Asker: 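Can you keep this structure in mind? I'll have questions shortly.
This is a predicted model, so every value here is computed, not measured. Residue numbers begin at 1 in each chain, while the letters A, B, ... track the order of the sequences.
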Amino acid sequence: MSIALSEQEILRRESLKQLRALGINPYPAEEYKVTATAEEIADNFERFPDNYKSVTIAGRIMSRNIMGSASFAKLQDSTGRIQIYIKRDDICPGEDKTLYNTVFKKLLDIGDFVGVKGYVFLTQTGEISVHVQEMTLLSKSLKPLPIVKRDEEGNIHDAFTDPEQRYRQRYVDLTVNPEFKQIFIKRSKVISSMRDYFNKQGWLEVETPILQPVHGGAAARPFATHHNTLDMQLFLRIANELYLKRLIVAGFDGVYEFGKMFRNEGMDRTHNPEFTSMEIYVAYKDYNWMMAMVEECLELVTRAVHGIPVVQVGANEINFAGPYEKLSMYDSILKYTGIDVSAMDETALRQTCAELEIEVDNSMGKGKLIDEIFSAKVEANLIQPTYITDYPIEMTPLAKKHRSVNGLVERFELFVNGKEIANAYSELNDPIDQRERLEEQLILAGRGDDEAMAMDDDFLRSLEYGMPPTSGLGIGIDRLVMLMTNQSTIQEVLFFPQMRPEKKARVTTAEDFTNIGVPAEWVPVLNKMGFNTVEELKAANPNKVFNDLGGMRKKLKLEITMPAKEVVMAWFA
RNA sequence: GACUUGGUAGCUCAGCCGGUAGAGCAACUGACUCUUAAUCAGUGGGUCGAGAGUUCGAUCCUCUCCCAGGUCACCA
């Protein structure tokens with residue numbers, strides 16, 4: 001694949017060659033020892049100026065103000081930006097001013113990584129800066145970064161905002177919009193604080209198969225793949241629930257897993273084909289215990305991220321300190337529609353859906369119809385953390401039947417800001433009941449529900465050996481992070497959200513040109529001249545092409561050897 | 001999947017009734033030893049997402065396709 005280089009890219013490649021010609025390795029191998037960071041200097045210099053009489057920092061050049069024999073530049077490291085001040089006669093104490101006049105002023109660019117050694121001082125306008133005494137090129141950047149400028153009021157000019165480019169080239173996004181790094185730092189805190197909490201309880205972090213012969217544990221369409229050696233179909237997991245329960249059977253009291261799940265379904269601002277879930281199973285507990293655990297855990301996570309248990313999400317201030325409101329599924333529908341669906345059969349539910357103008361189809365059973373009413377009429381009202389409990393048995397083949405109410409299961413979901421972020425059961429451990437429930441799923445599948453759960457005989461066998469009473473919980477980590485970082489799209493909390501492949505801009509490869517004898521370094525020049533395929537080149541006048549090559553060489557100031565006229569003529573043979 | 005908005009220089013965007021393109025930043029040349037959206041003078045840079053059609057002529061009109069965003073549907 002050959003994409004014609006832009007003017008600026010050609011110039012940077014030229015700079016690269018000139019650096020090498022000066023004996024400067026643009027990609028040195030040696031460790032570069034830094035002694036300070038931008039953030040640390042900004043935080044501490046004014047209190048402890050003596051500690052910063054000699055610092056070594058490293059980062060990317062993000063802007064430059066060159067004023068003859070002195071310059072300012074902004075250096076960005078992982079912690080932030082700091083200004084550096086470069087005086088020609090300080091970095092070039094002798095007669096030879098090449099390092100300043102040529103290397104710094106001409107051959108370095110915005111985006112290059114450099115290391116500088118110097119002392120920290122305050123400029124006349126009071127900005128903390130590093131007065132450079134030594135400068136080392138650490139890595140040359142060949143593509144120009146988008147330039148995002150910020151003025152004194154903090155206004156951003158020429159912001160790099162195109163979501164397509166931001167997501168496809170996240171490395172550029174986070175370089176020029178470093179404030180977005182906070183989202184991912186908070187994401188990491190969400191996960192690590194939750195993990196710490198679980199570990200303190202003595203629960204074991206485990207890993208279970210991503211490639212599964214049977215996709216179970218949730219209702220969703222899977223990605224299918226094939227294992228060559230075993231010559232068998234495998235699925236990327238849609239859930240890990242059934243494997244974690246096998247581990248409870250095996251004798252662990254508490255197991256949890258953070259991991260990617262894969263669902264072959266639509267993509268929108270709350271769905272990505274691969275997403276992160278956390279599932280945990282604790283033996284001898286029930287869903288009431290789990291509600292208390294979730295409250296404690298989420299309050300702790302919120303405090304770890306924000307310092308307080310409260311987070312601002314859009315217009316809503318959400319308080320994660322428990323206890324949370326509890327509402328049964330039927331009561332929640334009653335509360336928000338005034339309709340009591342608890343005693344309705346499938347026909348009456350269909351009638352109710354019609355009256356509420358909710359679209360349904362024939363494959364939907366009783367549980368699914370109730371879920372439709374709930375989604376349409378209740379969900380959006382649940383802003384503060386709210387447990388919805390006691391679901392109809394038809395919706396939930398893996399949960400234990402309710403201890404006192406017929407037709408329900410012991411399940412809760414946690415809703416926050418109108419979205420579900422957690423799902424938990426008193427887990428079904430009666431192997432005969434479990435087999436019957438999965439058989440009902442097979443009937444639903446027969447009615448056309450392509451998300452009905454599959455039979456998993458090995459899982460049933462494990463239950464037959466005996467699983468202690470257990471409560472299990474799943475949390476959608478991406479959605480929790482969206483809440484914790486006040487983001488409305490899942491793409492913003494994923495480093496690399498799923499995208500369609502980029503279209504190849506050019507159909508011709510550089511090899512096509514080199515195959516007819518064009519030296520590799522001239523291919524970009526031909527592209528620049530408008531010849532993107534060998535056919536286009538061959539259709540041109542050879543003499544004109546030869547002359548134009550010379551013109552381009554001069555125009556672009558290329559220091560590459562001009563091919564002999566016979567060589568150029570041979571391209572057209 | 002449906003509807004809708006967009007795709008123009010490295011980046012952010014203009015571009016009138018159809019006459020093959022402009023600005024700011026970035027880049028390049030030059031000036032400048034405390035600038036900070038540095039400044040001043042000058043210069044270059046475009047397959048106007050792709051293809052087809054209408055037209056003497058298309059960035060612009062029509063159609064198809066590609067990519068992205070939004071809304072909805074599906075989906076926890």
Asker: Atom CD1 of A:Ile147 and atom P of B:C11: how far apart are they, to the nearest Å?
Answerer: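 After rounding, the reported distance stands at 11 Å.
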Asker: Output side-chain donor-acceptor pairs under 3.5 Å for residues 153-162 of chain A, partner residues at least two apart or in another chain, one line each.
Answerer:
from     : atom 1 : to       : atom 2 : distance (Å)
A:Asn155 : ND2    : A:Asp151 : OD2    : 3.2
A:His157 : NE2    : A:Asp151 : OD2    : 2.9
A:Asp162 : OD1    : A:Glu164 : N      : 3.4

Asker: Check every atom of B:C75, B:A26, B:A38 against the side chain of A:Gln8 and return the nucleotide holding the closest atom.
Answerer: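 It is B:A26.
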Asker: Taking the six-membered ring of A:Phe180, is NZ or CZ of A:Arg166 closer than 6.0 Å to its centre and within 45° of its axis?
Answerer: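 So A:Arg166 does make the cation-pi contact.
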Asker: Side chain of A:Arg500 only, heavy atoms from C-beta on: which candidate in B:A27, B:C67, B:C11 is closest?
Answerer: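 Output: B:C67.
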Asker: Can you check the distance between B:C16 and B:C32, where both ends of the measurement are the P atom (answer in whole Å)?
Answerer: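 44 Å, rounded to whole Å.
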Asker: Between B:U35 atom C1' and A:Leu122 atom CG, what is the distance in whole Å?
Answerer: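 So the two atoms are 15 Å apart, to the nearest Å.
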Asker: Within the structure shown, what part of the strands sits under 4.0 Å from A:Phe374 by heavy-atom distance: base, sugar-phosphate, or nothing?
Answerer: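 The residue A:Phe374 makes no contact with any strand.
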Asker: Rounded to whole Å, please give me the gap between CD1 in A:Ile86 and C1' in B:C34.
Answerer: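 After rounding, the gap between these two atoms is 13 Å.
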Asker: Check this one for me: any side-chain N or O of A:Arg269 less than 4.0 Å away from OP1 or OP2 of B:U71?
Answerer: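 Yes, such a contact exists.
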Asker: Using side chain to side chain donor-acceptor pair (under 3.5 Å) as the criterion, point out the one residue from A:His271, A:Glu420, A:Gln487 that pairs with A:Arg479.
Answerer: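 For A:Arg479, the side chain to side chain donor-acceptor pair (under 3.5 Å) check succeeds only for A:His271.
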Asker: Give A:Met499 one of three labels, base, sugar-phosphate or nothing, depending on what nucleic acid heavy atoms sit under 4.0 Å from its own.
Answerer: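 Sugar-phosphate, backbone atoms only, no base.
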Asker: With Watson-Crick and G-U wobble geometry limited to distances under 3.5 Å, how should the secondary structure of RNA chain B be encoded in dot-bracket form, using | for bases paired to another strand and [ ] for crossing pairs?
Answerer: (((((((..((((.....[..)))).(((((.......))))).....(((((..]....))))))))))))....
Asker: With the side chain of A:Tyr167 defined as its heavy atoms from C-beta on, choose the nearest nucleotide among B:U29, B:G69, B:U33.
Answerer: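 The answer is B:G69, which lies nearest to the side chain.
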Asker: In whole Å, what is the span from the CD atom of A:Glu164 to the P atom of B:U5?
Answerer: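 Computing the A:Glu164:CD to B:U5:P distance gives 18 Å.
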Asker: Quick one: A:Tyr100 OH to B:C32 C1', roughly how many Å, whole number?
Answerer: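 Going from A:Tyr100 (OH) to B:C32 (C1'), I get 10 Å.
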Asker: For A:Arg12, report the nucleic acid contact type (base, sugar-phosphate, nothing); a contact means any heavy atom under 4.0 Å.
Answerer: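 The answer is nothing, as A:Arg12 stays clear of every strand by at least 4.0 Å.
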Asker: NA contact type, A:Lys105, heavy-atom cut-off 4.0 Å: base, sugar-phosphate, or nothing?
Answerer: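 A:Lys105: no heavy atom of the nucleic acid under 4.0 Å.
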Asker: Among B:U35, B:A68, B:A26, find the nucleotide with the atom closest to the side chain of A:Gln83.
Answerer: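 Nearest to the side chain of A:Gln83 among the choices is B:U35.
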Asker: Between A:Glu410 and A:Lys400, is a salt bridge (charged side-chain N to carboxylate O under 4.0 Å, His left out) present by the stated rule, with each step listed?
Answerer: CA-CA 6 Å; A:Glu410 295 205 351; A:Lys400 189 175 276 192; over 6 Å; no
Asker: Answer whether the closest heavy-atom distance between the side chains of A:Lys143 and A:Gln169 falls below 4.5 Å.
Answerer: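 Sidechains of A:Gln169 and A:Lys143: no contact.
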Asker: Measuring centre to centre across the rings, with the benzene-like ring taken for any Trp, is A:Tyr287 within less than 6.0 Å of A:Tyr387?
Answerer: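 Ring centroids of A:Tyr287 and A:Tyr387 are no less than 6.0 Å from each other.
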Asker: Using the C1' atom on both, measure B:C17 against B:A2 and round to a whole Å.
Answerer: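 My reading of the C1' atoms in B:C17 and B:A2 gives 34 Å.
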Asker: Pick base, sugar-phosphate or nothing for A:Lys419, based on heavy-atom distances below 4.0 Å to the nucleic acid.
Answerer: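 A:Lys419: no heavy atom of the nucleic acid under 4.0 Å.
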Asker: Tell me if the side-chain of A:Asp268 makes a donor-acceptor pair with the base of B:C74, cut-off 3.5 Å, by modelled atom types.
Answerer: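 Counting by modelled atom types and ignoring angles, a donor-acceptor contact under 3.5 Å is found here.
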Asker: Which part of the nucleic acid does A:Gln165 contact within heavy-atom distance under 4.0 Å: base, sugar-phosphate only, or nothing?
Answerer: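 A:Gln165: backbone/sugar contact only, no base atoms under 4.0 Å.
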Asker: Give A:Ile421 one of three labels, base, sugar-phosphate or nothing, depending on what nucleic acid heavy atoms sit under 4.0 Å from its own.
Answerer: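 If one applies the 4.0 Å heavy-atom cut-off, A:Ile421 turns out to touch nothing in the nucleic acid.
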Asker: Look at the side chain of A:Gln124 and the base of B:U35, then say whether one donor and one acceptor between them are separated by less than 3.5 Å.
Answerer: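 It does not, because no donor-acceptor pair links the side chain of A:Gln124 to the base of B:U35 below 3.5 Å.
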Asker: Using the glycosidic torsion, which applies to B:C17: syn (within 90° of 0) or anti (everything else)?
Answerer: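 Here the answer is syn: the torsion falls within 90° of 0.
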Asker: Hey, is the side chain of A:Gln491 poking within less than 4.0 Å of OP1 or OP2 on B:G69, counting only N and O atoms?
Answerer: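 Result: yes.
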Asker: Please work out if A:Arg13 contacts a base, only the sugar-phosphate, or nothing of the nucleic acid, heavy-atom cut-off 4.0 Å.
Answerer: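 Counting heavy atoms under 4.0 Å across all strands, no contact is made by A:Arg13.
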Asker: In whole angstrom, give me the gap between the C1' atoms of B:A58 and B:C48.
Answerer: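 Between the two C1' atoms, the distance is 11 Å.
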Asker: Quantified in whole Å, what is the C1' atom distance between nucleotide B:U54 and nucleotide B:U62?
Answerer: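 Looking at atom C1' only, B:U54 and B:U62 are 7 Å apart.
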Asker: Distance between the C1' atoms of B:U4 and B:G19, in whole angstroms?
Answerer: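 The same atom, C1', in both gives a distance of 32 Å.
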Asker: What's the CG-P distance between A:Asn101 and B:A31, to the nearest Å?
Answerer: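 It works out to 10 Å between those atoms.
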Asker: Which heavy atom in A:Leu398 sits nearest to a heavy atom in A:Glu427, and how many Å separate them?
Answerer: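 So the minimum-distance heavy-atom pair works out to O-OE1, 3.5 Å.
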Asker: Reckon A:Lys143 has a side-chain N or O less than 4.0 Å from the OP1 or OP2 of B:A26?
Answerer: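 False: A:Lys143 side-chain N/O out of range (4.0 Å or more) of B:A26 OP1/OP2.
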Asker: Report yes if some heavy atom in the side chain of A:Phe415 is under 4.5 Å from a heavy atom in the side chain of A:Ile388; otherwise report no.
Answerer: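 Yes, close enough: below the 4.5 Å cut-off.
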Asker: Between A:Leu5 (CG) and B:G46 (P), how many Å, whole number?
Answerer: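 In whole Å, B:G46 P lies 13 Å from A:Leu5 CG.
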Asker: For B:C11 versus B:A27, give the span between their P atoms, rounded off to a whole number of Å.
Answerer: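 The same atom, P, in both gives a distance of 15 Å.
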Asker: Identify the heavy atoms of A:Gln76 and A:Thr175 that sit nearest to each other, and give their distance.
Answerer: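 Minimum heavy-atom separation between A:Gln76 and A:Thr175: NE2-O, 2.8 Å.
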Asker: With a 4.0 Å cut-off, would you call A:Arg12 and A:Glu9 a salt bridge?
Answerer: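 No, A:Arg12 and A:Glu9 are not salt-bridged.
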Asker: Find the distance A:Ile156:CD1 to B:C25:P and express it as a whole number of Å.
Answerer: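 Spelled out: CD1 on A:Ile156 to P on B:C25 is 18 Å.
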Asker: Let's test your reading of the model: under 3.5 Å, does the base of B:A27 pair with the side chain of A:Glu7 as donor and acceptor?
Answerer: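 Counting by modelled atom types and ignoring angles, no donor-acceptor contact under 3.5 Å is found here.
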Asker: When you check the phosphate oxygens OP1 and OP2 of B:C75, does a side-chain N or O of A:Arg263 lie under 4.0 Å from one of them?
Answerer: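 No, outside the criterion.
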Asker: Please state the C1' separation for the pair B:G49 and B:U5 - nearest whole angstrom.
Answerer: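 It comes out at 15 Å once rounded to the nearest Å.
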Asker: May I ask you to say what A:Thr489 touches in the nucleic acid, namely base, sugar-phosphate or nothing, with a heavy-atom cut-off under 4.0 Å?
Answerer: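 If one applies the 4.0 Å heavy-atom cut-off, A:Thr489 turns out to touch the sugar-phosphate alone, with no base involved.
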Asker: Assess A:Arg88 against A:Phe104: is NZ or CZ under 6.0 Å from the centre of the six-membered ring, and within 45 degrees of the ring's axis?
Answerer: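 No; the conditions do not both hold, so A:Arg88 does not lie above the ring face of A:Phe104.
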Asker: Say we look at B:C3 and B:A73: how far apart would their P atoms be, to the nearest angstrom?
Answerer: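 Comparing P positions in B:C3 and B:A73 gives a spacing of 16 Å.
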Asker: For RNA chain B, whose closest nucleotide is more 5', that of A:Lys149 or that of A:Phe415?
Answerer: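 Looking at RNA chain B, the more 5' nearest nucleotide goes with A:Lys149.
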Asker: Among B:G10, B:U35, B:C75, which is the nearest nucleotide to the side chain of A:His271?
Answerer: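 Of all the options, the side chain of A:His271 is nearest to B:C75.
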Asker: Classify A:Arg88 by what it touches in the nucleic acid, base, sugar-phosphate, or nothing, heavy-atom distance under 4.0 Å.
Answerer: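 Counting heavy atoms under 4.0 Å across all strands, no contact is made by A:Arg88.
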